[in-house]
Engineer: 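If you scroll down you'll find the structure; I have some questions about it.
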2 protein chains.
Amino acid sequence: MNDTKLRILDAAERLFAQQGFDVSIRAITDEAGVNLAAVNYHFQSKEALLDAIIARRIEPVNKRRLEMLDAIEARTGDRPLPLEAVLEAFLAPVLEAPFEHFKPLIGRMYSVPEEFIKRVFHVHLAPIVVRFDAAFARALPDLPESERIWRLYFSIGAMVHVMNWSRVLRPISNGVLDPSDTRALMRRMVAFAAAGFRAPVVENQPVHRGTN
Amino acid sequence: MNDTKLRILDAAERLFAQQGFDVSIRAITDEAGVNLAAVNYHFQSKEALLDAIIARRIEPVNKRRLEMLDAIEARTGDRPLPLEAVLEAFLAPVLEAPFEHFKPLIGRMYSVPEEFIKRVFHVHLAPIVVRFDAAFARALPDLPESERIWRLYFSIGAMVHVMNWSRVLRPISNGVLDPSDTRALMRRMVAFAAAGFRAPVVENQPVHRGTN
DNA sequence: ATATGATTGAAACGATTGTATGAATGATAC
DNA sequence: GTATCATTCATACAATCGTTTCAATCATAT
(Lines give C-alpha, C1' and ligand atoms only; values in the text may rest on other atoms or scores of the structure.)
Protein backbone atom coordinates (compact mmCIF):
# COMPACT_ATOMS: atom_id res chain seq x y z
CA MET A 1 0.00 0.00 0.00
CA ASN A 2 1.05 3.57 -0.67
CA ASP A 3 3.16 5.05 2.08
CA THR A 4 1.14 8.21 2.65
CA LYS A 5 -2.05 6.22 2.57
CA LEU A 6 -0.69 4.01 5.34
CA ARG A 7 0.52 7.00 7.34
CA ILE A 8 -2.95 8.50 7.13
CA LEU A 9 -4.60 5.28 8.27
CA ASP A 10 -2.26 4.95 11.23
CA ALA A 11 -2.51 8.58 12.28
CA ALA A 12 -6.28 8.70 11.92
CA GLU A 13 -6.68 5.49 13.89
CA ARG A 14 -4.50 6.88 16.65
CA LEU A 15 -6.38 10.16 16.85
CA PHE A 16 -9.82 8.60 16.54
CA ALA A 17 -9.01 6.24 19.39
CA GLN A 18 -7.64 9.02 21.57
CA GLN A 19 -10.06 11.86 20.84
CA GLY A 20 -13.12 10.43 19.16
CA PHE A 21 -14.45 10.50 15.64
CA ASP A 22 -14.73 14.28 15.34
CA VAL A 23 -11.04 14.87 14.73
CA SER A 24 -10.44 17.25 11.85
CA ILE A 25 -8.73 16.18 8.66
CA ARG A 26 -6.09 18.80 9.31
CA ALA A 27 -5.25 17.23 12.65
CA ILE A 28 -4.95 13.87 10.93
CA THR A 29 -2.70 15.08 8.13
CA ASP A 30 -0.55 16.99 10.60
CA GLU A 31 -0.16 13.88 12.74
CA ALA A 32 0.63 11.83 9.64
CA GLY A 33 3.05 14.40 8.26
CA VAL A 34 1.31 14.52 4.89
CA ASN A 35 -0.48 17.15 2.89
CA LEU A 36 -4.04 18.17 3.67
CA ALA A 37 -5.39 17.09 0.31
CA ALA A 38 -4.00 13.59 0.65
CA VAL A 39 -7.03 12.34 2.55
CA ASN A 40 -9.49 13.31 -0.18
CA TYR A 41 -7.12 11.98 -2.80
CA HIS A 42 -6.42 8.51 -1.40
CA PHE A 43 -9.83 8.11 0.16
CA GLN A 44 -12.81 9.91 -1.31
CA SER A 45 -14.00 11.50 1.89
CA LYS A 46 -13.50 11.59 5.62
CA GLU A 47 -16.29 9.09 6.08
CA ALA A 48 -14.71 6.64 3.65
CA LEU A 49 -11.46 6.98 5.59
CA LEU A 50 -13.30 5.99 8.73
CA ASP A 51 -14.77 2.98 6.98
CA ALA A 52 -11.30 1.91 5.89
CA ILE A 53 -9.93 2.25 9.42
CA ILE A 54 -12.70 0.16 10.93
CA ALA A 55 -12.50 -2.49 8.22
CA ARG A 56 -8.73 -2.83 8.52
CA ARG A 57 -9.01 -3.84 12.16
CA ILE A 58 -12.33 -5.65 12.32
CA GLU A 59 -11.74 -7.99 9.41
CA PRO A 60 -8.84 -10.00 10.88
CA VAL A 61 -10.58 -10.13 14.25
CA ASN A 62 -13.75 -11.51 12.70
CA LYS A 63 -11.71 -13.95 10.64
CA ARG A 64 -10.10 -15.25 13.83
CA ARG A 65 -13.47 -15.51 15.56
CA LEU A 66 -14.88 -17.64 12.77
CA GLU A 67 -11.74 -19.79 12.66
CA MET A 68 -12.02 -20.54 16.36
CA LEU A 69 -15.72 -21.29 16.05
CA ASP A 70 -15.09 -23.59 13.08
CA ALA A 71 -12.48 -25.46 15.11
CA ILE A 72 -14.89 -25.90 18.01
CA GLU A 73 -17.64 -27.19 15.78
CA ALA A 74 -15.24 -29.51 13.97
CA ARG A 75 -14.08 -31.22 17.14
CA THR A 76 -17.53 -31.30 18.76
CA GLY A 77 -19.41 -33.21 16.10
CA ASP A 78 -23.10 -33.54 16.83
CA ARG A 79 -22.85 -33.00 20.56
CA PRO A 80 -23.91 -29.68 22.18
CA LEU A 81 -21.24 -27.01 21.72
CA PRO A 82 -19.21 -26.16 24.84
CA LEU A 83 -20.54 -22.77 25.96
CA GLU A 84 -17.32 -21.43 27.41
CA ALA A 85 -15.41 -22.25 24.26
CA VAL A 86 -17.96 -20.48 22.06
CA LEU A 87 -17.78 -17.45 24.32
CA GLU A 88 -14.01 -17.50 24.12
CA ALA A 89 -14.16 -17.64 20.33
CA PHE A 90 -16.44 -14.63 20.39
CA LEU A 91 -14.55 -12.56 22.97
CA ALA A 92 -10.87 -13.47 22.81
CA PRO A 93 -10.09 -12.19 19.30
CA VAL A 94 -11.55 -8.83 20.31
CA LEU A 95 -10.15 -8.49 23.81
CA GLU A 96 -6.73 -9.78 22.81
CA ALA A 97 -6.44 -8.09 19.42
CA PRO A 98 -2.81 -7.10 18.89
CA PHE A 99 -3.64 -3.62 17.58
CA GLU A 100 -2.50 -0.84 19.85
CA HIS A 101 -5.56 1.38 19.59
CA PHE A 102 -8.11 -1.31 18.91
CA LYS A 103 -9.97 -1.19 22.22
CA PRO A 104 -10.89 2.50 22.36
CA LEU A 105 -11.47 2.55 18.61
CA ILE A 106 -13.98 -0.28 18.62
CA GLY A 107 -15.40 0.87 21.92
CA ARG A 108 -16.27 4.22 20.42
CA MET A 109 -17.56 2.65 17.25
CA TYR A 110 -19.96 0.31 19.01
CA SER A 111 -21.40 3.09 21.10
CA VAL A 112 -22.28 5.71 18.54
CA PRO A 113 -25.25 4.45 16.53
CA GLU A 114 -25.06 7.19 13.95
CA GLU A 115 -25.83 6.55 10.33
CA PHE A 116 -22.39 5.35 9.46
CA ILE A 117 -22.28 2.93 12.33
CA LYS A 118 -25.46 1.27 11.22
CA ARG A 119 -23.72 0.56 7.93
CA VAL A 120 -20.70 -0.81 9.78
CA PHE A 121 -23.00 -3.00 11.82
CA HIS A 122 -24.66 -4.52 8.79
CA VAL A 123 -21.39 -5.07 6.95
CA HIS A 124 -19.04 -6.25 9.67
CA LEU A 125 -21.04 -7.15 12.75
CA ALA A 126 -24.38 -8.64 11.78
CA PRO A 127 -22.94 -11.72 10.03
CA ILE A 128 -20.82 -12.50 13.08
CA VAL A 129 -23.74 -12.09 15.45
CA VAL A 130 -25.95 -14.35 13.35
CA ARG A 131 -23.27 -17.02 13.11
CA PHE A 132 -22.54 -17.00 16.83
CA ASP A 133 -26.18 -16.89 17.80
CA ALA A 134 -26.59 -20.18 15.98
CA ALA A 135 -23.62 -21.51 17.93
CA PHE A 136 -25.11 -20.37 21.23
CA ALA A 137 -28.33 -22.09 20.22
CA ARG A 138 -26.35 -25.29 19.78
CA ALA A 139 -24.65 -24.76 23.14
CA LEU A 140 -27.92 -24.06 24.98
CA PRO A 141 -30.65 -25.94 23.08
CA ASP A 142 -33.19 -25.53 25.89
CA LEU A 143 -32.86 -21.74 26.20
CA PRO A 144 -35.70 -19.84 24.46
CA GLU A 145 -34.62 -17.78 21.48
CA SER A 146 -35.51 -14.34 22.82
CA GLU A 147 -33.78 -15.05 26.11
CA ARG A 148 -30.73 -16.27 24.24
CA ILE A 149 -30.50 -13.18 22.07
CA TRP A 150 -31.00 -10.86 25.04
CA ARG A 151 -28.17 -12.56 26.89
CA LEU A 152 -25.94 -12.35 23.85
CA TYR A 153 -26.53 -8.60 23.79
CA PHE A 154 -25.85 -8.37 27.52
CA SER A 155 -22.53 -10.12 26.91
CA ILE A 156 -21.67 -7.86 24.02
CA GLY A 157 -22.50 -4.90 26.24
CA ALA A 158 -20.08 -6.08 28.91
CA MET A 159 -17.38 -6.48 26.28
CA VAL A 160 -17.99 -3.10 24.67
CA HIS A 161 -18.11 -1.31 27.98
CA VAL A 162 -14.74 -2.65 29.02
CA MET A 163 -13.29 -1.69 25.63
CA ASN A 164 -14.75 1.77 25.96
CA TRP A 165 -13.43 2.44 29.44
CA SER A 166 -10.18 0.53 29.12
CA ARG A 167 -8.09 3.66 29.48
CA VAL A 168 -9.83 4.90 32.62
CA LEU A 169 -10.83 1.68 34.38
CA ARG A 170 -7.60 1.49 36.33
CA PRO A 171 -7.63 5.04 37.74
CA ILE A 172 -11.32 5.14 38.62
CA SER A 173 -11.10 1.78 40.35
CA ASN A 174 -8.10 2.91 42.41
CA GLY A 175 -5.88 0.45 40.61
CA VAL A 176 -8.01 -2.61 41.42
CA LEU A 177 -8.96 -3.23 37.79
CA ASP A 178 -6.16 -3.93 35.33
CA PRO A 179 -7.47 -4.15 31.76
CA SER A 180 -3.98 -4.71 30.38
CA ASP A 181 -4.01 -8.35 31.46
CA THR A 182 -6.26 -9.26 28.57
CA ARG A 183 -5.98 -13.00 29.17
CA ALA A 184 -7.27 -12.75 32.73
CA LEU A 185 -9.93 -10.28 31.65
CA MET A 186 -11.08 -12.65 28.95
CA ARG A 187 -11.38 -15.52 31.45
CA ARG A 188 -13.34 -13.32 33.86
CA MET A 189 -15.71 -12.21 31.16
CA VAL A 190 -16.24 -15.76 29.89
CA ALA A 191 -17.07 -16.96 33.41
CA PHE A 192 -19.47 -14.06 33.95
CA ALA A 193 -21.25 -14.41 30.61
CA ALA A 194 -21.42 -18.19 30.77
CA ALA A 195 -23.12 -18.04 34.16
CA GLY A 196 -25.48 -15.40 32.81
CA PHE A 197 -26.34 -17.54 29.81
CA ARG A 198 -27.08 -20.49 32.09
CA ALA A 199 -29.21 -18.50 34.53
CA PRO A 200 -32.75 -19.80 35.07
CA VAL A 201 -35.20 -18.15 32.72
CA VAL A 202 -37.17 -15.51 34.57
CA GLU A 203 -40.89 -16.04 34.90
CA ASN A 204 -43.49 -13.32 34.59
CA GLN A 205 -43.43 -12.40 38.25
CA PRO A 206 -41.66 -9.90 40.48
CA VAL A 207 -38.03 -10.60 41.22
CA HIS A 208 -37.07 -12.18 44.47
CA ARG A 209 -37.12 -9.59 47.23
CA GLY A 210 -36.76 -11.68 50.38
CA THR A 211 -33.60 -13.03 51.95
CA ASN A 212 -30.61 -14.17 50.02
CA MET B 1 -38.13 27.89 35.67
CA ASN B 2 -38.09 30.31 32.76
CA ASP B 3 -40.14 29.16 29.79
CA THR B 4 -37.48 29.58 27.11
CA LYS B 5 -34.93 27.93 29.36
CA LEU B 6 -37.22 24.92 29.69
CA ARG B 7 -37.91 24.84 25.97
CA ILE B 8 -34.17 24.80 25.31
CA LEU B 9 -33.62 21.97 27.78
CA ASP B 10 -36.39 19.89 26.22
CA ALA B 11 -35.35 20.54 22.64
CA ALA B 12 -31.68 19.93 23.31
CA GLU B 13 -32.43 16.72 25.16
CA ARG B 14 -34.56 15.53 22.27
CA LEU B 15 -31.94 16.34 19.65
CA PHE B 16 -29.02 15.04 21.69
CA ALA B 17 -30.84 11.74 22.17
CA GLN B 18 -31.75 11.48 18.51
CA GLN B 19 -28.59 12.74 16.83
CA GLY B 20 -25.78 12.75 19.35
CA PHE B 21 -23.97 15.46 21.22
CA ASP B 22 -22.65 17.32 18.20
CA VAL B 23 -25.92 19.04 17.40
CA SER B 24 -25.47 22.72 16.67
CA ILE B 25 -26.88 25.43 18.92
CA ARG B 26 -28.81 26.72 15.92
CA ALA B 27 -30.52 23.38 15.49
CA ILE B 28 -31.45 23.44 19.17
CA THR B 29 -32.85 26.97 19.16
CA ASP B 30 -34.76 26.25 15.97
CA GLU B 31 -36.26 23.12 17.50
CA ALA B 32 -37.10 25.07 20.66
CA GLY B 33 -38.49 28.02 18.77
CA VAL B 34 -36.30 30.52 20.60
CA ASN B 35 -33.60 32.95 19.61
CA LEU B 36 -30.07 31.79 18.92
CA ALA B 37 -28.56 33.87 21.72
CA ALA B 38 -30.86 32.37 24.34
CA VAL B 39 -28.59 29.39 24.95
CA ASN B 40 -25.59 31.51 25.83
CA TYR B 41 -27.79 33.80 27.88
CA HIS B 42 -29.58 31.23 30.07
CA PHE B 43 -26.66 28.82 30.17
CA GLN B 44 -23.13 30.13 29.82
CA SER B 45 -22.07 27.77 27.07
CA LYS B 46 -23.10 24.74 25.08
CA GLU B 47 -21.14 22.52 27.43
CA ALA B 48 -22.93 23.91 30.48
CA LEU B 49 -26.23 23.24 28.72
CA LEU B 50 -25.19 19.64 28.31
CA ASP B 51 -24.33 19.43 32.00
CA ALA B 52 -27.77 20.77 32.88
CA ILE B 53 -29.51 18.25 30.65
CA ILE B 54 -27.64 15.32 32.13
CA ALA B 55 -28.11 16.50 35.71
CA ARG B 56 -31.85 17.05 35.27
CA ARG B 57 -32.39 13.41 34.37
CA ILE B 58 -29.71 11.64 36.36
CA GLU B 59 -30.42 13.23 39.71
CA PRO B 60 -33.94 11.81 40.26
CA VAL B 61 -32.81 8.42 38.97
CA ASN B 62 -29.91 8.31 41.41
CA LYS B 63 -32.18 9.49 44.20
CA ARG B 64 -34.51 6.60 43.51
CA ARG B 65 -31.64 4.15 43.38
CA LEU B 66 -30.42 5.20 46.81
CA GLU B 67 -33.96 5.14 48.23
CA MET B 68 -34.45 1.57 47.07
CA LEU B 69 -31.06 0.55 48.43
CA ASP B 70 -31.82 2.21 51.76
CA ALA B 71 -35.08 0.31 51.99
CA ILE B 72 -33.33 -2.98 51.27
CA GLU B 73 -30.70 -2.37 53.92
CA ALA B 74 -33.32 -1.25 56.43
CA ARG B 75 -35.34 -4.42 56.14
CA THR B 76 -32.32 -6.73 55.93
CA GLY B 77 -30.60 -5.80 59.17
CA ASP B 78 -27.26 -7.52 59.67
CA ARG B 79 -27.93 -10.41 57.32
CA PRO B 80 -26.32 -10.57 53.84
CA LEU B 81 -28.11 -8.31 51.38
CA PRO B 82 -30.30 -10.07 48.79
CA LEU B 83 -28.32 -9.85 45.54
CA GLU B 84 -31.28 -9.66 43.17
CA ALA B 85 -32.84 -6.84 45.16
CA VAL B 86 -29.61 -4.82 45.13
CA LEU B 87 -29.34 -5.34 41.37
CA GLU B 88 -32.92 -4.22 40.94
CA ALA B 89 -32.26 -1.08 42.96
CA PHE B 90 -29.31 -0.38 40.71
CA LEU B 91 -30.95 -1.16 37.37
CA ALA B 92 -34.68 -0.50 37.65
CA PRO B 93 -34.57 3.30 38.18
CA VAL B 94 -32.46 3.57 35.05
CA LEU B 95 -34.24 1.09 32.79
CA GLU B 96 -37.69 2.25 33.87
CA ALA B 97 -37.00 5.97 34.05
CA PRO B 98 -40.15 7.81 32.91
CA PHE B 99 -38.27 10.26 30.69
CA GLU B 100 -38.97 9.86 27.02
CA HIS B 101 -35.44 10.30 25.70
CA PHE B 102 -33.59 9.02 28.74
CA LYS B 103 -32.29 5.77 27.30
CA PRO B 104 -30.48 7.04 24.21
CA LEU B 105 -29.37 10.13 26.12
CA ILE B 106 -27.68 8.21 28.92
CA GLY B 107 -26.53 5.54 26.52
CA ARG B 108 -24.62 8.10 24.53
CA MET B 109 -23.31 9.77 27.64
CA TYR B 110 -21.87 6.60 29.14
CA SER B 111 -20.12 5.70 25.93
CA VAL B 112 -18.22 8.85 25.09
CA PRO B 113 -15.39 9.22 27.59
CA GLU B 114 -14.49 12.70 26.53
CA GLU B 115 -13.36 15.33 29.00
CA PHE B 116 -16.84 16.41 29.94
CA ILE B 117 -17.99 12.87 30.55
CA LYS B 118 -15.20 12.30 33.03
CA ARG B 119 -16.59 15.24 34.99
CA VAL B 120 -20.08 13.81 34.77
CA PHE B 121 -18.76 10.51 36.00
CA HIS B 122 -17.10 11.99 39.05
CA VAL B 123 -20.10 14.15 39.92
CA HIS B 124 -23.05 11.90 39.23
CA LEU B 125 -21.83 8.34 38.78
CA ALA B 126 -18.88 7.65 41.05
CA PRO B 127 -20.79 8.14 44.33
CA ILE B 128 -23.48 5.72 43.17
CA VAL B 129 -20.95 3.12 42.08
CA VAL B 130 -19.10 3.34 45.40
CA ARG B 131 -22.30 3.03 47.40
CA PHE B 132 -23.55 0.06 45.41
CA ASP B 133 -20.20 -1.68 45.42
CA ALA B 134 -20.39 -1.69 49.19
CA ALA B 135 -23.86 -3.19 48.92
CA PHE B 136 -22.64 -5.90 46.53
CA ALA B 137 -19.85 -6.63 48.99
CA ARG B 138 -22.51 -7.20 51.65
CA ALA B 139 -24.48 -9.39 49.27
CA LEU B 140 -21.47 -11.48 48.24
CA PRO B 141 -19.06 -11.41 51.20
CA ASP B 142 -16.95 -14.27 49.85
CA LEU B 143 -16.34 -12.75 46.40
CA PRO B 144 -12.89 -11.15 46.08
CA GLU B 145 -12.92 -7.39 45.64
CA SER B 146 -11.38 -7.22 42.17
CA GLU B 147 -13.72 -9.91 40.87
CA ARG B 148 -16.67 -8.07 42.39
CA ILE B 149 -15.77 -4.76 40.77
CA TRP B 150 -15.14 -6.39 37.40
CA ARG B 151 -18.54 -8.00 37.51
CA LEU B 152 -20.18 -4.74 38.49
CA TYR B 153 -18.62 -3.16 35.40
CA PHE B 154 -19.78 -6.06 33.24
CA SER B 155 -23.31 -5.49 34.53
CA ILE B 156 -23.11 -1.76 33.91
CA GLY B 157 -21.90 -2.56 30.41
CA ALA B 158 -24.91 -4.76 29.71
CA MET B 159 -27.18 -1.98 30.95
CA VAL B 160 -25.50 0.76 28.95
CA HIS B 161 -25.41 -1.30 25.79
CA VAL B 162 -29.14 -1.92 25.91
CA MET B 163 -29.77 1.77 26.56
CA ASN B 164 -27.53 2.67 23.66
CA TRP B 165 -29.15 0.34 21.16
CA SER B 166 -32.69 0.56 22.46
CA ARG B 167 -33.94 2.20 19.27
CA VAL B 168 -32.43 -0.38 16.92
CA LEU B 169 -32.56 -3.59 18.97
CA ARG B 170 -35.99 -4.50 17.68
CA PRO B 171 -35.25 -4.12 13.93
CA ILE B 172 -31.82 -5.77 13.99
CA SER B 173 -33.19 -8.72 15.98
CA ASN B 174 -36.06 -9.21 13.52
CA GLY B 175 -38.55 -8.19 16.18
CA VAL B 176 -37.45 -10.79 18.73
CA LEU B 177 -36.13 -8.22 21.22
CA ASP B 178 -38.63 -5.71 22.58
CA PRO B 179 -36.88 -3.08 24.76
CA SER B 180 -40.15 -1.26 25.36
CA ASP B 181 -41.24 -3.82 27.96
CA THR B 182 -38.89 -2.33 30.52
CA ARG B 183 -40.19 -4.47 33.37
CA ALA B 184 -39.44 -7.72 31.58
CA LEU B 185 -36.10 -6.36 30.39
CA MET B 186 -35.21 -5.43 33.95
CA ARG B 187 -36.02 -8.93 35.21
CA ARG B 188 -33.98 -10.50 32.45
CA MET B 189 -31.02 -8.31 33.20
CA VAL B 190 -31.22 -8.94 36.93
CA ALA B 191 -31.28 -12.70 36.34
CA PHE B 192 -28.32 -12.48 33.96
CA ALA B 193 -26.21 -10.24 36.19
CA ALA B 194 -27.03 -12.14 39.38
CA ALA B 195 -25.90 -15.39 37.82
CA GLY B 196 -22.76 -13.65 36.60
CA PHE B 197 -22.03 -12.27 40.06
CA ARG B 198 -22.43 -15.74 41.54
CA ALA B 199 -20.26 -17.47 38.95
CA PRO B 200 -17.29 -19.44 40.32
CA VAL B 201 -14.17 -17.31 40.47
CA VAL B 202 -11.90 -18.21 37.60
CA GLU B 203 -8.54 -19.72 38.42
CA ASN B 204 -5.30 -18.90 36.67
CA GLN B 205 -5.66 -21.60 34.06
CA PRO B 206 -7.04 -21.89 30.54
CA VAL B 207 -10.79 -21.94 30.18
CA HIS B 208 -12.57 -25.20 29.72
CA ARG B 209 -12.23 -26.35 26.13
CA GLY B 210 -13.55 -29.91 26.24
CA THR B 211 -17.11 -31.08 26.17
CA ASN B 212 -19.96 -29.19 27.71
C1' DA C 1 -47.05 56.49 34.07
C1' DT C 2 -42.41 55.94 34.51
C1' DA C 3 -38.06 53.93 35.80
C1' DT C 4 -35.42 49.65 36.34
C1' DG C 5 -33.85 45.33 35.35
C1' DA C 6 -34.51 40.96 32.88
C1' DT C 7 -35.12 38.91 28.58
C1' DT C 8 -35.31 38.61 23.58
C1' DG C 9 -33.99 39.85 19.00
C1' DA C 10 -31.16 40.49 14.61
C1' DA C 11 -26.74 40.66 13.11
C1' DA C 12 -22.01 39.95 12.99
C1' DC C 13 -17.53 38.06 14.78
C1' DG C 14 -13.46 35.09 14.07
C1' DA C 15 -12.36 30.41 13.87
C1' DT C 16 -12.74 25.92 11.93
C1' DT C 17 -14.74 22.58 9.03
C1' DG C 18 -14.61 19.17 4.64
C1' DT C 19 -13.65 19.56 0.02
C1' DA C 20 -11.97 21.23 -4.53
C1' DT C 21 -8.63 23.34 -7.64
C1' DG C 22 -4.63 23.60 -10.49
C1' DA C 23 0.17 23.89 -10.62
C1' DA C 24 4.47 21.44 -9.19
C1' DT C 25 6.87 17.28 -8.49
C1' DG C 26 7.54 12.44 -8.66
C1' DA C 27 8.15 7.98 -10.87
C1' DT C 28 7.87 4.88 -14.78
C1' DA C 29 7.78 3.28 -19.68
C1' DC C 30 9.31 3.87 -24.18
C1' DG D 1 15.45 12.12 -22.86
C1' DT D 2 10.83 12.55 -23.24
C1' DA D 3 6.05 11.49 -22.62
C1' DT D 4 2.62 9.81 -19.40
C1' DC D 5 0.55 9.09 -15.40
C1' DA D 6 0.31 9.21 -10.30
C1' DT D 7 1.10 11.84 -6.43
C1' DT D 8 2.00 15.90 -3.68
C1' DC D 9 1.62 20.67 -2.75
C1' DA D 10 -0.10 25.42 -1.48
C1' DT D 11 -4.17 27.72 -1.64
C1' DA D 12 -8.89 28.88 -1.85
C1' DC D 13 -13.79 27.90 -1.30
C1' DA D 14 -18.28 27.97 0.79
C1' DA D 15 -20.45 26.42 4.82
C1' DT D 16 -21.00 25.98 9.62
C1' DC D 17 -19.57 26.47 14.21
C1' DG D 18 -19.97 28.76 19.28
C1' DT D 19 -20.03 33.11 20.98
C1' DT D 20 -20.62 38.19 21.41
C1' DT D 21 -22.68 42.62 20.78
C1' DC D 22 -26.11 46.00 21.40
C1' DA D 23 -30.54 47.69 20.49
C1' DA D 24 -35.46 46.38 21.11
C1' DT D 25 -38.87 44.54 24.00
C1' DC D 26 -40.89 42.82 28.10
C1' DA D 27 -42.24 42.57 33.00
C1' DT D 28 -42.34 44.56 37.45
C1' DA D 29 -42.17 47.87 41.16
C1' DT D 30 -42.79 52.36 42.66
Side-chain angles (χ1 to χ4, degrees), chain A residues 1-56 101 104-105 108-109 112-120, chain B residues 1-56 101 104-105 108-109 112-120:
Chain A
M1 190 182 312
N2 184 297
D3 182 61
T4 35
K5 196 171 178 180
L6 245 179
R7 295 170 65 89
I8 291 174
L9 275 177
D10 289 339
E13 178 182 80
R14 193 162 45 242
L15 291 181
F16 283 154
Q18 289 169 355
Q19 308 174 24
F21 288 153
D22 52 354
V23 179
S24 69
I25 290 189
R26 284 167 180 81
I28 295 172
T29 52
D30 284 359
E31 173 86 6
V34 303
N35 186 269
L36 168 63
V39 166
N40 284 290
Y41 176 78
H42 288 284
F43 311 84
Q44 311 121 344
S45 63
K46 186 186 180 182
E47 203 173 349
L49 166 63
L50 214 145
D51 282 351
I53 292 173
I54 299 290
R56 176 169 74 141
H101 305 96
L105 182 73
R108 291 188 194 277
M109 185 210 69
V112 187
E114 314 293 339
E115 283 314 309
F116 109 90
I117 211 53
K118 292 181 185 172
R119 186 176 64 247
V120 170
Chain B
M1 191 182 311
N2 184 296
D3 181 61
T4 34
K5 195 170 178 180
L6 245 179
R7 295 170 65 88
I8 291 174
L9 275 177
D10 289 338
E13 179 183 77
R14 191 161 46 242
L15 291 181
F16 282 155
Q18 287 170 356
Q19 308 176 22
F21 288 153
D22 51 354
V23 177
S24 69
I25 289 188
R26 284 167 179 83
I28 295 172
T29 52
D30 284 357
E31 173 87 5
V34 302
N35 187 271
L36 168 63
V39 166
N40 284 290
Y41 176 77
H42 288 284
F43 311 84
Q44 309 120 345
S45 66
K46 186 186 180 183
E47 203 174 349
L49 165 64
L50 213 146
D51 282 351
I53 291 173
I54 299 290
R56 177 168 74 141
H101 305 95
L105 182 73
R108 291 188 193 278
M109 185 209 70
V112 187
E114 314 293 339
E115 282 314 308
F116 109 89
I117 211 54
K118 292 182 185 171
R119 186 175 63 248
V120 170

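In this text the structure is predicted, and so the values were computed from the model without any measurement.
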Engineer: Chain A on DNA chain C: first and last contacting nucleotide, 5' to 3', under 4.0 Å to a heavy atom?
Structural biologist: C:dT17 to C:dT21
Engineer: With rounding to the nearest 0.5 angstrom, report the CZ to NE2 distance, A:R7 to A:H42.
Structural biologist: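 The distance works out to 11.5 Å.
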Engineer: Do the side chains of A:F43 and A:I8 get nearer than 4.5 Å, heavy atoms only?
Structural biologist: yes
Engineer: Please check this pair: side chain of A:K46 against backbone of A:V39, looking for a donor-acceptor N/O pair closer than 3.5 Å.
Structural biologist: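 Here the side-chain-to-backbone pair does not exist.
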Engineer: In degrees, rounded to 10°, what is the bend between the two ends of the helix from C:dA1-D:dT30 to C:dC30-D:dG1, using five pairs at each?
Structural biologist: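 One end axis against the other gives 0°.
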Engineer: Which atom pairs, donor and acceptor, lie under 3.5 Å between side-chain atoms of residues 25-37 of chain A and protein residues at least two apart or in another chain?
Structural biologist:
unit_1: A:T29; atom_1: OG1; unit_2: A:I25; atom_2: O; d: 3.1
unit_1: A:T29; atom_1: OG1; unit_2: A:R26; atom_2: O; d: 3.1
unit_1: A:E31; atom_1: OE2; unit_2: A:R14; atom_2: NE; d: 2.8
unit_1: A:E31; atom_1: OE2; unit_2: A:R14; atom_2: NH2; d: 3.2
unit_1: A:N35; atom_1: OD1; unit_2: A:A37; atom_2: N; d: 2.9

Engineer: With the side chain counted from C-beta on, respond yes when B:L50 and B:I54 share a heavy-atom pair under 4.5 Å apart, and no when they do not.
Structural biologist: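 Yes, close enough: below the 4.5 Å cut-off.
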Engineer: Can you sort out the partners of A:R56 under side-chain hydrogen bond (donor to acceptor under 3.5 Å, both in side chains), two or more places apart, ordered by chain and number?
Structural biologist: A:D10
Engineer: Within the 4.5 Å heavy-atom criterion, are B:Q44 and B:L49 side-chain neighbours or not?
Structural biologist: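 Counting from C-beta outward, B:Q44 and B:L49 never come under 4.5 Å.
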Engineer: I need a per-nucleotide contact map over nucleotides 6-19 of chain D, read 5' to 3'. Cutoff is protein heavy atoms under 4.0 Å; write B for the base, S for backbone only, - otherwise.
Structural biologist: SBBBBBB----BBB
Engineer: Using ring pair (Phe, Tyr, Trp, His ring centres under 6.0 Å) as the criterion, list what pairs up with B:F16, not counting sequence neighbours.
Structural biologist: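 B:F16 satisfies ring pair (Phe, Tyr, Trp, His ring centres under 6.0 Å) with B:F21 once adjacent residues are dropped.
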Engineer: Looking at every heavy atom in both A:Q19 and A:D22, which two are closest together, and how far apart are they?
Structural biologist: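 Minimum heavy-atom separation between A:Q19 and A:D22: O-OD1, 3.6 Å.
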Engineer: Which heavy-atom pair separates B:A52 from B:L9 by the least distance, and what is that distance?
Structural biologist: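 Shortest heavy-atom contact: CB-CD2, 4.1 Å.
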